[in-house]
> 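If you scroll down you'll find the structure; I have some questions about it.
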Protein chains: 2
Amino acid sequence: MSLRFALLGLLNERPCSGYDLTRRFEEGIGAYAWHAQHSQIYPELKKLLADDLIRVAEEGARGRKTYAITDQGADLLREWLLQRPTTAGVRNEYVLRLFLLPALPPADAEQVLHKTIEFAEEQITLLTGELDEIARVHGDTVGNGAMAAQYGLRVYRATIDWAHWAIARLADGEHGADGLAGLEQ
Amino acid sequence: MSLRFALLGLLNERPCSGYDLTRRFEEGIGAYAWHAQHSQIYPELKKLLADDLIRVAEEGARGRKTYAITDQGADLLREWLLQRPTTAGVRNEYVLRLFLLPALPPADAEQVLHKTIEFAEEQITLLTGELDEIARVHGDTVGNGAMAAQYGLRVYRATIDWAHWAIARLADGEHGADGLAGLEQ
DNA sequence: GTGACCATGTAACGAGTTACATGATTAA
DNA sequence: TTAATCATGTAACTCGTTACATGGTCAC
């Protein structure tokens, strides 16, 4: 069901073709919020069209169809956004790995934590670049993905903070540790 | 594929029946990392069994089967955990909502942000309670979900920080705003 | 003309949800 | 005896992935 709202959300910003939407899923939204490929996007656009949530605004060369959100679609999107935040039904592989980290011997866990810090630092560099770009191109500090980028920035900073804490805890337990047993207390 | 590793990870901590695993997915791992129901867990356990990644350790009353991870399963789990962290293929409805928030009129967006703060505060209370419980029962500050809980704590603090920033930005733009237009530089 | 990119589609398969279905054990 | 809980399963459906498939346009 979320793909439907991801598409409505993108079309709410501006009309797009299936191809455009596929490209946009390769950017911020696809990297941090919801991933989708063209093979899923095209059939879903047909369903949205059948439900009158979007309409064909323009037909161009090479069979290109530009879709725009309808009033009905915009209403449904806003209704969905106003629902209370929840993490029900979460499926986050990144967090799952962190969750299961204690299954590794401490030295290996520490290595993964270092790679986690590296990864988070790279993401922060990327997001900082995106924020500069948004400010430069759109003169905007809220819309056009800026709010999401600011969120990502803070989450990755929190991740780095956590990883440093975890490495320190692992080090505490390392003298005489056999697996996790030495880490307890 | 991740369900497979979630199950291996849980069985790596201790042997469990399908029923036990279903219960455990209602706790931390299911709330913050990976969600699954019994109708998916039982078939997946059969596949893991067929692949010799787990074994039946014990059969009890009411058809209960207790599964334990095999050496092969533990090796595969560790190999998966050692892969470089990535957010490829992310599907996070919670973040998707935050991403699309600028689709709402500022007053509505602000309301959602307040609800986001409330929700994050509740999660922090829950996680703090869980950390106390883990320390009390297991005398542990790293394993048994403690590392994951510490991560959650930091992510929710970051969320609250972000939401306050976002509310302030919205307020900045509100004098004379029509939709997002008034927010742009 | 040919390679890069624009643009859309479908088929087969695997992952995940909802609902249905069954029966054993235990405590009140 | 009956309600709660333990315990496992399957069928039909929707969602998502991988791979296959086709053809148009444009710059060199």
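Here is the naming used below: chain letters follow the sequence lines, and residue numbers restart at 1 for every chain.
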> Determine which pairs satisfy salt bridge (Lys or Arg N to Asp or Glu O under 4.0 Å) with at least one residue from residues 52-70 of chain A, sequence neighbours left out, and list them in order.
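Qualifying pairs: A/Asp20-A/Arg64.
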> Quick one: list whatever passes salt bridge (Lys or Arg N to Asp or Glu O under 4.0 Å) with B/Arg23, sequence neighbours left out.
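Partners of B/Arg23 by the salt bridge (Lys or Arg N to Asp or Glu O under 4.0 Å) criterion, ordered by chain and then number, come out as B/Glu26.
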> With sequence neighbours excluded, what pairs up with A/Glu130 under the salt bridge (Lys or Arg N to Asp or Glu O under 4.0 Å) test?
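None.
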> Which nucleotide of DNA chain D is the first, and which the last, in the 5' to 3' direction, to come under 4.0 Å of a heavy atom belonging to chain A?
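On DNA chain D, the outermost contacted nucleotides are D/dC15 to D/dT25.
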> For the backbone of B/Gly89 and the side chain of A/Trp34, can you confirm whether one donor and one acceptor N or O come within less than 3.5 Å of each other?
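No; judged by distance alone, with no hydrogens or angles, the pair does not exist.
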> Tell me whether the count of non-hydrogen atoms from other residues, nucleotides or ligands lying under 6.0 Å of CG in B/Asp71 goes above 12.
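12 or below, so no.
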> Find the distance A/Tyr42:OH to C/dA11:P and express it as a whole number of Å.
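The distance from OH of A/Tyr42 to P of C/dA11 comes to 17 Å, rounded to the nearest Å.
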> Among residues 76-95 of chain A, which contact DNA chain C at a heavy-atom distance under 4.0 Å?
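Of all residues in residues 76-95 of chain A, the ones placing a heavy atom under 4.0 Å from DNA chain C are A/Arg91.
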> Using a cut-off of strictly less than 4.0 Å between a heavy atom of the residue and any atom of DNA chain C, enumerate the qualifying residues of residues 21-30 of chain B by number.
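Of all residues in residues 21-30 of chain B, none places a heavy atom under 4.0 Å from DNA chain C.
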> Could you walk me through whether A/Arg24 and A/Glu27 satisfy the salt bridge (Lys or Arg N to Asp or Glu O under 4.0 Å) test, starting with their C-alpha distance in whole Å, then the side-chain angles of each, then the deciding distance to 0.1 Å, before giving a yes or no?
CA-CA 5 Å; A/Arg24 291 182 73 188; A/Glu27 297 164 10; 5.2 Å; no
> Parallel under 30°, tilted from 30 to 60°, perpendicular over 60°: which one fits the rings of B/Phe119 and B/Tyr94?
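Taking B/Tyr94 first and then B/Phe119, their aromatic rings sit tilted (interplane angle of 30° to 60°).
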> Starting at CD of B/Glu44 and ending at P of C/dG14, how long is that distance when rounded to a whole Å?
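Those two atoms, CD and P, are 12 Å apart.
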> Among residues 31-39 of chain A, which residues get a heavy atom nearer than 4.0 Å to DNA chain D?
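Within this stretch, A/Trp34, A/His35, A/Gln37, A/Ser39 sit under 4.0 Å of the strand.
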> Who passes side chain to side chain donor-acceptor pair (under 3.5 Å) against B/Gln40, sequence neighbours left out?
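If we apply the side chain to side chain donor-acceptor pair (under 3.5 Å) test to B/Gln40, skipping adjacent residues, there are no hits.
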> Quick one: does B/Leu53's side chain get under 4.5 Å of B/Leu7's, heavy atoms only?
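In short, these two side chains do not touch, never coming nearer than 4.5 Å.
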> Tell me, with the steps shown, if B/Lys115 and B/Glu118 meet salt bridge (Lys or Arg N to Asp or Glu O under 4.0 Å).
CA-CA 5 Å; B/Lys115 283 196 270 182; B/Glu118 245 177 63; over 6 Å; no
> Determine whether B/Tyr156 and B/Glu121 satisfy the following criterion, side-chain hydrogen bond (donor to acceptor under 3.5 Å, both in side chains), listing intermediate values before the conclusion.
CA-CA 7 Å; B/Tyr156 284 115; B/Glu121 280 169 350; over 6 Å; no
> A/Glu44: which residues meet the side chain to side chain donor-acceptor pair (under 3.5 Å) condition with it, sequence neighbours left out?
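Checked A/Glu44 against side chain to side chain donor-acceptor pair (under 3.5 Å); matches are A/Arg4.
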> So, does A/Thr87 use its side chain to make a donor-acceptor pair with the main chain of A/Val90 at under 3.5 Å?
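Checking the backbone N and O of A/Val90 against the side chain of A/Thr87, no donor-acceptor pair under 3.5 Å is found.
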> How would you list all residue pairs meeting salt bridge (Lys or Arg N to Asp or Glu O under 4.0 Å) that involve residues 150-165 of chain B, not counting sequence neighbours?
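Pairs touching residues 150-165 of chain B that pass the test: A/Arg154-B/Asp161, A/Asp161-B/Arg154.
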> Listed in order of residue number, which residues of residues 56-67 of chain B have a non-hydrogen atom at under 4.0 Å from DNA chain C?
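Heavy-atom contacts with DNA chain C come from B/Arg62.
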> Does A/Tyr19 put a side-chain nitrogen or oxygen below 4.0 Å from OP1 or OP2 of C/dT8?
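It does not, given that no N or O in the side chain of A/Tyr19 lies less than 4.0 Å from OP1 or OP2 of C/dT8.
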> Rounded to whole Å, please give me the gap between CG in A/Leu45 and P in C/dT8.
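The distance from CG of A/Leu45 to P of C/dT8 comes to 9 Å, rounded to the nearest Å.
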> Using salt bridge (Lys or Arg N to Asp or Glu O under 4.0 Å) as the criterion, list what pairs up with B/Glu122, not counting sequence neighbours.
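B/Glu122: salt bridge (Lys or Arg N to Asp or Glu O under 4.0 Å) contacts with A/Arg84.
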